[in-house]
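Naming: A, B, ... by sequence-line order, numbering from 1 per chain.
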Amino acid sequence: MPVSSSSPSRRQKGPVGQPWFTPTLLHWHAHHNQRSMPWKGEKDPYKIWLSEIILQQTRVEQGLAYYLRFVEAYPTIADLASADDEAVFKLWEGLGYYSRCRNLLAAARQVMQQFEGRFPNNYNDILSLKGVGPYTAAAIASFGFGLPHAVVDGNVIRVLARFYGIDEPFDTTTGKQRFTQEADAHLAQDAPATYNQAIMDFGATVCKPAAPLCGTCPMQSQCVAFKQQRVESLPVKSKKLIKRDRYFYYFLFRVGKQILVRQRQAKDIWQDLYEFPLVEEPQPVERSETEWLQLAQQLAPQVKHIAAMHGPYRQLLTHQTIYASFIECPLPSAKAVPAGQWVNAETLRQLAFPKLLRDYLTSSSAAQTNLF
DNA sequence: AATTCGGGGCA
DNA sequence: TGCCCAGAATT
């Protein structure tokens with residue numbers, strides 16, 4: 001390597017944008033982009049907003065069905081704003097990151113009150129909506145109103161990092177600034193929506209995280225990462241994920257056809273969703289059936305026997321692995337039980353549960369013991 | 001500035 | 001398994 005060659009970290013300071021990037025990307029978009037999605041070309045800012053919230057940290061294939069169900073259930077933002085929280089959470093059930101759902105409702109009501117039912121049409125007002133950050137505001141502003149704001153999402157970061165060989169971590173304050181600056185520098189000012197759509201589709205279908213299509217990539221000739229064989233190692237993330245294990249023991253108290261449920265309120269996973277009376281242990285616990293019965297009786301003294309036990313079932317989350325076991329306890333009456341509400345099977349179906357619990361409820365294990 | 005918020009798909 | 005996904009809010 002020549003002495004005059006600068007180190008990778010020193011090479012990249014200001015924007016390194018070159019005029020070749022955007023035209024080539026737009027050409028690919030116009031002639032080779034095959035990606036189709038129901039909200040493409042959508043002009044209703046409500047539907048654009050809805051699709052963007054659903055797609056935060058969520059693959060298009062996973063969010064698609066949810067988007068279609070939401071649009072059908074709530075065709076306008078007024079419909080969504082006046083909906084029952086419970087019904088909206090039920091529609092969101094299984095999608096994850098449930099604060100998005102809570103913020104969705106808050107933002108809909110914000111638009112009805114603060115903006116008199118008209119979706120805000122400028123970047124700062126859009127950004128002021130609950131659950132709307134820099135990415136989503138730029139997406140709505142450009143797709144909905146043709147405003148010149150460049151989106152910066154995982155696709156954009158990957159495309160820029162590889163094309164310019166940017167090895168600065170993107171998950172830091174300066175890293176985010178760097179990629180935002182780079183994205184802004186490449187925005188097609190006269191066609192912001194087209195440009196944003198192009199770079200995201202390109203990142204999703206060509207410049208993919210794993211097994212990118214470099215062999216047929218129209219950007220290959222100018223791509224620094226390809227030239228230096230660093231495609232697989234870019235972009236760079238600085239922080240590593242720390243996971244922990246949690247052990248949940250759920251007690252299903254049943255009186256006839258009624259089951260005791262409660263809503264999670266703590267600032268923890270699954271906030272606002274429903275569950276059952278829960279005992280969490282710092283470590284997995286081996287108990288005899290007698291010991292399980294004694295524990296159940298501490299919660300509900302009337303319990304006489306354990307009808308069934310299932311699990312542990314495992315649920316992988318980003319920062320946690322949940323191991324959940326279920327202890328089914330028939331009761332003679334609803335006296336002296338933990339706080340919560342008694343619901344029948346029909347009501348149970350209308351409540352939003354974490355996927356782990358919903359899977360258990362719909363599994364044969366639950367049905368076998370006449371939970372329904 | 002660091003952490004936390006789900007669930008699924010892929011190599 | 002580890003990483004990523006049309007990120008944002010909280011601490």
Side-chain angles (χ1 to χ4, degrees), chain A residues 35 37-40 42 48-67 89 92-104 106-107 126-140 142-143 149-159 161 169-177 179-180 183 193 196-205 207-212 232-244 246 264 266-273 314-322 352-359:
Chain A
R35 218 181 184 201
M37 293 173 289
W39 49 83
K40 263 195 189 179
E42 177 62 57
I48 295 170
W49 162 71
L50 179 60
S51 72
E52 295 299 343
I53 300 297
I54 287 175
L55 291 177
Q56 287 170 2
Q57 290 294 285
T58 303
R59 293 167 189 280
V60 169
E61 310 85 69
Q62 188 187 359
L64 179 57
Y66 286 84
Y67 171 77
F89 271 95
W92 197 275
E93 182 184 55
L95 191 56
Y97 283 173
Y98 297 95
S99 65
R100 288 184 294 170
C101 183
R102 186 169 54 256
N103 290 332
L104 190 79
I126 295 168
L127 187 62
S128 76
L129 297 175
K130 295 289 184 198
V132 174
Y135 162 77
T136 306
I140 299 171
S142 63
F143 295 142
H149 295 270
V151 296
V152 182
D153 74 335
N155 293 306
V156 173
I157 289 168
R158 188 170 55 255
V159 171
F170 65 85
D171 57 340
T172 63
T173 302
T174 55
K176 284 172 197 159
Q177 289 174 352
F179 282 98
T180 300
N196 282 336
Q197 192 64 62
I199 193 168
M200 287 195 288
D201 285 347
F202 182 77
T205 61
C207 198
K208 301 184 290 180
E232 299 294 341
S233 60
L234 293 176
V236 174
K237 189 169 166 182
S238 67
K239 305 176 184 69
K240 24 189 174 279
L241 197 59
I242 298 173
K243 290 192 89 157
R244 65 175 169 136
R246 299 176 73 175
R264 287 179 70 88
K267 292 193 186 229
D268 192 359
I269 58 168
W270 302 335
Q271 187 182 1
D272 297 330
L273 300 197
R314 190 181 68 161
Q315 172 75 42
L316 300 171
L317 307 183
T318 303
H319 290 82
Q320 306 177 22
T321 300
I322 308 298
F353 285 85
K355 170 163 176 66
L356 171 65
L357 301 190
R358 177 55 67 192
D359 284 351

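Taking a 4.0 Å limit (strictly below) on heavy-atom distances, residues 55-62 of chain A reaches DNA chain B at A:Gln57, A:Thr58, A:Arg59, A:Gln62.
Partners of A:Lys237 by salt bridge (Lys or Arg N to Asp or Glu O under 4.0 Å), not counting sequence neighbours: none found. Applying the ring-ring contact (aromatic ring centres under 6.0 Å, His included) rule to A:Tyr97 yields no partners; only residues at least two apart in sequence or on another chain are considered. Legend: residues meeting ring-ring contact (aromatic ring centres under 6.0 Å, His included) with A:Trp270, ordered by chain and number and at least two apart, are absent. Residues that satisfy the side-chain hydrogen bond (donor to acceptor under 3.5 Å, both in side chains) test with A:Thr58, not counting sequence neighbours, are A:Arg100. Residues passing the salt bridge (Lys or Arg N to Asp or Glu O under 4.0 Å) test with A:Asp268, sequence neighbours excluded: A:Arg246, A:Arg264. For A:Lys355, the salt bridge (Lys or Arg N to Asp or Glu O under 4.0 Å) criterion is met by A:Asp359, not counting sequence neighbours. Among residues two or more places apart in sequence or in another chain, the ring-ring contact (aromatic ring centres under 6.0 Å, His included) test is passed with A:Phe143 by none.
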Using a cutoff of under 3.5 Å, can you pull out all pairs of nitrogen or oxygen atoms linking the protein to nucleotides 9-11 of chain C, with atom names and distances?
unit_1	atom_1	unit_2	atom_2	d
C:dA9	OP1	A:Gly131	N	2.7

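Ranking C:dA6, B:dT4, B:dA11 by closeness to the A:Glu52 side chain, first place goes to C:dA6. The side chain of A:His319 lies closest to B:dC5 when the candidates are C:dA6, B:dC5, B:dA2.
Map A:Thr173 and A:Tyr97 each onto its nearest nucleotide of DNA chain B; the residue landing nearer the 5' end is A:Thr173.
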